[in-house]
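Read the numbers this way: they start at 1 and go in the same order the structure lists the ligands and their atoms. Predicted, not measured: the structure shown is a model, and the values here were computed from it. Note that these values count all heavy atoms, side chains included, but never hydrogens, waters or copies made by symmetry.
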Amino acid sequence: MLTRKGSPYKFCPLLVLVLISAAIALDDWADGGTILIKGGTVVNHDQQFEADVLIRDGIIVDVAPDIEAPPGCLVLPAAGLFVMPGGIDPHTHLDMPFMGTVTADDFFTGQAAALAGGTTFHIDFALPINHDIRAGFREWQSKASSGCMDYSLHMAVTQWGPRVAADMGQLVAEGVSSFKFFMAYKGVLQVSDGELLAGLSRCRQLGALPLVHAENGDAVAWMQERLISSGIRGPEGHPLSRPPALEAEATGRAIRLAGVVGAPLYVVHVMSGEAVEEISRARLSGSRVVGEAVVSGLALREAGCWDTNFTSAAALVMSPPIRGPGHAERIKAALAAGVLQLVATDHAVFNSSQKAAGRHDFRRIPNGVNGIEERMHVTWQEMVVAGLATPSDFVRLTSTAAAQLFNVYPRKGRLAAGSDADVILLDPRVTHTLGVGAAHSPRMDTNVYEGKVVQGKVVTTLSRGRLVWHEGRLRVRRGSGRFVRRPPFGPLFQGLDEQERRALTLPYGPTPVPREGDQEAQLPEQQQQEEGVCGGGREEVAAAAAGGGFCSASGSQQGATY
Ligand code: URP
Ligand code: ZN
Ligand code: ZN
């Protein structure tokens with residue numbers, strides 16, 4: 001309470017509002033105004049230092065030692081606490097129709113839970129409607145209007161054609177600068193290699209980041225059939241049908257296809273050591289590939305899928321699956337070493353009655369687990385408390401890297417003057433237990449982190465300068481979230497044009513060698529195009545041979561390049 005003696009809330013001198021009732025005053029403060037976070041340890045991805053943070057009207061206006069409290073501001077004492085940028089979760093599925101049902105958390109319940117767990121911004125995956133990506137975008141904007149936190153959107157591409165290619169350009173103009181391609185979920189979301197290539201090429205052209213769900217969907221379907229006919233119908237069939245080899249194969253294939261068209265690539269939910277190795281090898285060869293870990297991959301074990309209780313086992317079903325011994329350790333080592341860049345959630349919640357659809361056939365268990373509220377705490381536990389990462393590394397893995405890769409940095413992902421006031425206070429001394437009882441989504445009746453004890457707790461969350469989580473109380477308002485547009489040509493695109501330009505100067509580069517009799521044998525333009533030369537530009541052919549790809553030079557091929 002505001003006026004309680006010993007409370008961490010203290011009004012600045014002369015503040016007459018102290019006479020107003022505590023509840024009303026707290027609501028006022030929750031609406032914004034001026035807030036000074038005093039005496040904490042400020043942590044950015046590159047620096048940790050003792051400083052105060054001054055916030056006005058939703059924006060950070062100063063980060064410096066010993067800031068004097070302006071008249072009328074609210075002071076939040078932060079001695080002993082880490083003051084960090086709010087978490088950014090670049091991989092969520094709120095209100096998503098999937099496998100015959102809809103994910104349980106909508107934008108309001110999911111975002112409210114996120115704020116209680118210290119996440120202040122997320123990027124959700126919009127799905128097309130009947131392969132129409134613009135209709136999907138409109139639908140997701142309508143779903144998100146109930147939210148209470150800033151968000152952005154990726155768009156999934158599930159079929160290729162001239163309309164999709166054109167609509168991708170339109171969506172980029174509207175602030176959607178990343179597209180996801182599923183290499184799994186055969187017959188539903190899965191794209192062919194040809195479609196993936198076309199999509200990667202279009203992304204390269206638009207400056208949009210392509211994302212892949214990397215599993216070999218054809219092989220998964222084949223494995224599923226085999227398991228079912230051998231009598232394995234329970235949740236254990238899920239990991240058995242999706243072994244690490246199928247994740248690694250698709251990861252390697254996507255990396256190579258992206259290399260051929262010269263596009264950067266973001267691999268979502270890397271779950272196996274084998275997939276990590278593919279990414280590591282590619283990065284060491286100069287590929288622009290980044291890998292996303294998800295918090296379930298850090299902390300959970302596949303053995304739970306063999307639990308004799310169906311509800312407990314089915315709760316763990318997600319794709320790619322939670323893996324066996326050793327994989328989590330390799331993923332954490334890869335995060336510590338910079339082979340993987342960040343930790344997301346893939347938050348896709350289905351309650352136990354939804355999961356029961358697959359009671360007698362694991363192929364029907366809706367795939368997905370929770371994590372939007374638990375991610376910050378589990379990552380702190382698994383990386384920082386475990387001694388694998390510093391607090392600055394933690395900020396990079398849970399916030400800054402996502403802001404940079406998805407081109408909203410430093411507006412998000414940094415505590416600095418001019419950034420949005422998305423701020424958390426983490427108390428490293430508090431130990432607490434995760435589970436349904438402790439979580440803030442009313443939609444979950446199981447929690448894959450049930451009973452997990454973690455050290456370090458987010459005690460305060462500010463969302464654009466509004467105090468939304470403090471002293472165990474959540475104060476969120478439906479409809480207060482904002483859509484954050486993300487411009488194309490983010491950092492992963494820098495230098496790609498130069499790489500292509502240099503390829504032109506190679507002594508044995510992709511330029512036609514003049515030979516006697518060539519003039520007479522010139523192919524008609526139409527025939528050249530059928531044989532795969534898009535527009536015939538010398539630069540484009542050069543780019544392809546240099547790993548830059550046919551039809552890929554930015555801005556040079558507006559329209560149908562599929
Ligand atoms: O199991 C999962 N991951 N469900 C959500 C959809 C996806 O593949 O990301
Ligand atoms: Zn996926
Ligand atoms: Zn996902």
Checklist entry - Do the ring planes of His122 and Tyr151 sit parallel (below 30°), tilted (30 to 60°) or perpendicular (above 60°)? => result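 It falls in the tilted class, 30° to 60°.
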Next on the checklist: Ring-plane angle category for His213 and His269, please: parallel below 30°, perpendicular beyond 60°, tilted otherwise.
Outcome noted: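 Geometry flag for His269 against His213: perpendicular rings.
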Next on the checklist: So if I apply the side chain to side chain donor-acceptor pair (under 3.5 Å) rule between Asp105 and each of His347, His93, Gln111, which one comes out positive?
Outcome noted: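 So, applying the side chain to side chain donor-acceptor pair (under 3.5 Å) to Asp105 and each of His347, His93, Gln111, only His347 qualifies.
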Item to check | Option among Thr345, Thr120, Thr119 that satisfies the side chain to side chain donor-acceptor pair (under 3.5 Å) test with Asp89 | outcome: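 It is Thr345; the other options fail the test.
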Next on the checklist: Just to be careful: counting only protein atoms that are N, O or S, how many fall under 2.8 Å of the Zn ion (ligand 3)?
Outcome noted: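 My tally for this metal is 3.
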Against heavy atoms of [X], which atoms of ligand 1 measure under 4.0 Å?
X      : value
Met318 : 1 (O)
His91  : 9 (O)
Gly368 : 1 (O), 4 (N)
His269 : 8 (O), 9 (O)
Lys180 : 9 (O)
His213 : 8 (O)

Next on the checklist: Filter on side chain to side chain donor-acceptor pair (under 3.5 Å), then keep only pairs touching residues 222-233, sequence neighbours left out; what's left?
Outcome noted: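 As it turns out, the side chain to side chain donor-acceptor pair (under 3.5 Å) pairs with a partner in residues 222-233, which skip direct neighbours, are Glu225-Arg363.
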Nearest protein heavy atom with distance in Å, relative to [atom]:
atom                   : answer
atom 7 (C) of ligand 1 : Tyr185 OH, 3.5 Å
atom 4 (N) of ligand 1 : Asn367 O, 3.0 Å
atom 9 (O) of ligand 1 : His93 NE2, 3.1 Å
atom 1 (O) of ligand 1 : Ser319 N, 2.8 Å

Next on the checklist: Under 6.0 Å between ring centres: does that hold for His91 and Phe125?
Outcome noted: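 When the ring centroids of His91 and Phe125 are compared, they turn out to be within the sub-6.0 Å range.
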Item to check | With sequence neighbours excluded, residues passing ring-ring contact (aromatic ring centres under 6.0 Å, His included) with Phe181 | outcome: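 ring-ring contact (aromatic ring centres under 6.0 Å, His included) list for Phe181, sorted by chain: empty.
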Next on the checklist: According to ring-ring contact (aromatic ring centres under 6.0 Å, His included), who are the partners of Trp380, at least two apart in sequence or on a separate chain?
Outcome noted: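 Trp380 satisfies ring-ring contact (aromatic ring centres under 6.0 Å, His included) with Phe82, Phe394 once adjacent residues are dropped.
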Next on the checklist: Test side-chain contact (heavy atoms from CB on, under 4.5 Å) on Ser272 and Arg323; report intermediate values, then the result.
Outcome noted: CA-CA 7 Å; Ser272 65; Arg323 302 293 185 189; 3.7 Å; yes
Item to check | Part of Asp346 with heavy atoms under 4.0 Å of ligand 1, whether side chain, backbone, both or neither | outcome: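 It is the side chain that gets close, since no backbone atom is under 4.0 Å.
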Checklist entry - Of the non-hydrogen atoms in Ala156 and Leu127, which two are nearest, and what is the gap between them? => result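 That closest heavy-atom pairing would be CB-CD2, 3.8 Å.
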Item to check | Salt bridge flag under 4.0 Å for residues Glu249 and Arg253 | outcome: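 Salt bridge flag = yes for Arg253 with Glu249.
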Next on the checklist: Salt bridge or not between Arg375 and Glu382? Use side-chain N to carboxylate O under 4.0 Å.
Outcome noted: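 Answer for the salt bridge query: no.
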Checklist entry - Is there a heavy atom of Glu215 sitting under 4.0 angstrom from any atom of ligand 1? => result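 Flag not set, Glu215 not near ligand 1.
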